[in-house]
Asks: 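Pasting a structure here, questions to come.
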Amino acid sequence: MPIEFPTDAKAAFALQRKLAREVRLEACPSQVSLVAGCDAALSPDGREVLGVAVLLDYPGLHLLHLEVCRQPLTMPYVPGLLSFREGPAVLAALEALPQRPDLLLVDGAGIAHPRGLGIAAHLGVLLDLPAIGVAKSRLIGEELMPGPLRGDRAPLQHHGKTIGSILRTRDGVRPLYVSPGHRCTIAGAADWVLACGRGYRLPEPTRLADRLAAEHKRLLKEQGEAHSARQLL
DNA sequence: GCGACAG
DNA sequence: ATCTTGTCGC
């Protein structure tokens, strides 16, 4: 049974507080040759979650492998409980990768979360992999703006504590909210996100996972429409 | 009670 | 996330 992802909100809260204690903020890996990225999308009918995991080489950042896993949607979107909605499908995709990555970049928050366990931290702990949360918008923390140039960063603080970085990954473009997920430091997380960048706002791992998730969803939609058309003829 | 709120 | 066209700027 998927004890990792209870459907009940009470159980989910309790599990987050428990797993948050297992998060380790240590030095990020120095030797990285494989980087993974993950994201999710909804199936065309909105009843399933498409978990997507990609494996890239480093520092080349070329796509080596793509894995897509479909799981039934069991939870509505509730801020703070995202991992219980997308986690099952994304975890399955990550576990299906042919090799274990040295680092994982996740579309979503790391420890910059109400209970310290955003989806990047949740997945990082479950897989015991160095993980980084790369969010496109803020979940918690003060909205301090970094400088306008790529690489500029401002501390993401909450209740006086720094929990991540607001990082500018492209000149003059909206910053990303980066926080460590597991086995990584706050500074190291931002450094790795920049190191995995290829000129776009999103670092390659999550950018590819993002794009391929949308691509796969579109394919499913076309297949569904073709099937419906045949039924009519 | 009133706002805020990853994807 | 998802619904959606054109449009301003490098």
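In what follows, every chain begins at residue 1, and chains take the letters A, B, ... in the order their sequences are listed. FYI, side chains are in, hydrogens and waters are out, and symmetry mates aren't considered; it's all heavy atoms of this structure.
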Asks: Are A:L126 and A:L55 connected into the same hydrophobic cluster when the rule is that any two of I, L, V, M, F, W, Y join if their side-chain heavy atoms are below 4.5 Å apart?
Replies: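 Yes, same cluster.
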Asks: Do the side-chain N and O atoms of A:E204 and A:Y58 include a donor-acceptor pair separated by under 3.5 angstrom?
Replies: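 No.
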Asks: Taking only residues two or more places apart in sequence or in another chain, which ones pass side-chain hydrogen bond (donor to acceptor under 3.5 Å, both in side chains) with A:D210?
Replies: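 Once residues adjacent in sequence are excluded, A:D210 has no partner under the side-chain hydrogen bond (donor to acceptor under 3.5 Å, both in side chains) criterion.
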Asks: A cation-pi test, strictly: NZ or CZ of A:R207 under 6.0 Å from the centre of the six-membered ring of A:Y200 and no more than 45 degrees from its axis. Yes or no?
Replies: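 Relative to the ring axis of A:Y200, which defines the angle, A:R207 lies inside both limits.
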Asks: Quick one: side chains of residues 14-27 of chain A, donor-acceptor pairs under 3.5 Å with protein atoms, not counting sequence neighbours, listed by atom name and distance.
Replies:
residue, atom, partner, partner atom, Å
A:Q16, OE1, A:R115, NE, 2.6
A:Q16, OE1, A:R115, NH2, 2.9
A:Q16, NE2, A:G80, O, 2.9
A:R24, NH1, A:R21, O, 3.0

Asks: Tell me, what's DNA chain B's dot-bracket, Watson-Crick or G-U with both distances under 3.5 Å, | for other-strand, [ ] crossing?
Replies: .......
Asks: With the threshold set at under 4.0 Å for non-hydrogen atoms, list the residues of residues 184-199 of chain A touching DNA chain B in residue-number order.
Replies: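 Those residues: none at all.
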Asks: Would a 4.5 Å heavy-atom cut-off, applied to side chains only, mark A:I166 and A:P175 as touching?
Replies: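 Side-chain contact under 4.5 Å: yes.
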Asks: Which other residues belong to the hydrophobic cluster containing A:L73, where Ile, Leu, Val, Met, Phe, Trp and Tyr are joined when side-chain heavy atoms lie under 4.5 Å apart, directly or via other members?
Replies: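 Its cluster partners, ordered by chain and number, are A:L42, A:V49.
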Asks: Between the main-chain N or O of A:G164 and the side-chain N or O of A:S179, is there a donor-acceptor pair closer than 3.5 Å?
Replies: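 No: the side chain of A:S179 does not pair with the backbone of A:G164.
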Asks: Who are the side-chain hydrogen bond (donor to acceptor under 3.5 Å, both in side chains) partners of A:K217, not counting sequence neighbours?
Replies: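 By the side-chain hydrogen bond (donor to acceptor under 3.5 Å, both in side chains) rule, A:K217 matches no residue at all.
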Asks: Quick one: side-chain hydrogen bond (donor to acceptor under 3.5 Å, both in side chains) partners of A:R218, sequence neighbours excluded?
Replies: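 Testing A:R218 for side-chain hydrogen bond (donor to acceptor under 3.5 Å, both in side chains), a comparison that skips the adjacent residues, returns A:E215, A:E222.
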Asks: Base contacts versus sugar-phosphate-only contacts with protein, heavy atoms under 4.0 Å: please encode nucleotides 3-9 of chain C as B, S and - from 5' to 3'.
Replies: -------
Asks: Take A:Y177 and A:E143, measure what side-chain hydrogen bond (donor to acceptor under 3.5 Å, both in side chains) needs, and give me the verdict at the end.
Replies: CA-CA 10 Å; A:Y177 299 76; A:E143 195 66 72; 2.6 Å; yes
Asks: Does the A:D107 side chain pair with the main chain of A:T206, one donor and one acceptor, at a distance under 3.5 Å?
Replies: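 No: the side chain of A:D107 does not pair with the backbone of A:T206.
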Asks: From CD of A:E48 over to P of C:dA1, roughly how many Å is that when rounded to an integer?
Replies: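 Between P of C:dA1 and CD of A:E48: 18 Å.
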Asks: Does the plane of the ring in A:F84 sit parallel, tilted or perpendicular to the ring in A:F5? Use 30° and 60° as the thresholds.
Replies: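 The arrangement is perpendicular - the two ring planes meet at more than 60°.
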Asks: Taking the side chain as C-beta and beyond, is there a heavy-atom pair between A:V54 and A:E67 under 4.5 Å?
Replies: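 No, their side chains stay 4.5 Å or more apart.
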Asks: In whole angstrom, what separates A:L220's CG from C:dA1's C1'?
Replies: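 To the nearest whole Å, that distance equals 16 Å.
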Asks: For DNA chain C, what string of dots and brackets results from 5' to 3' when Watson-Crick and G-U pairs need both distances under 3.5 Å, crossing pairs get [ ], and pairs with another strand get |?
Replies: ..........
Asks: Within the side chain of A:S83, is there an N or O that forms a donor-acceptor pair under 3.5 Å with the backbone of A:I119?
Replies: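 Checking the backbone N and O of A:I119 against the side chain of A:S83, no donor-acceptor pair under 3.5 Å is found.
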Asks: Looking at residues 164-183 of chain A, who's got a heavy atom less than 4.0 Å off DNA chain B?
Replies: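 Here the set is empty: none.
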Asks: Can I get a per-line list of side-chain donor-acceptor pairs under 3.5 Å for residues 91-104 of chain A, giving both atom names and the distance, sequence neighbours left out?
Replies:
residue, atom, partner, partner atom, Å
A:R100, NH1, A:L127, O, 3.2
A:R100, NH2, A:L127, O, 3.0
A:R100, NH2, A:D128, O, 3.2
A:D102, OD2, A:S33, N, 2.9
A:D102, OD2, A:S33, OG, 3.3
A:D102, OD2, A:L34, N, 2.9

Asks: Reading nucleotides 2-7 of chain B 5' to 3', which nucleotides get B (base under 4.0 Å from a protein heavy atom), which S (sugar-phosphate only), which -?
Replies: --SBBB
Asks: Side-chain contact test, heavy atoms from C-beta onward, threshold under 4.5 Å: evaluate it for A:C184 versus A:I132 and give yes or no.
Replies: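 Yes, side chains in contact.
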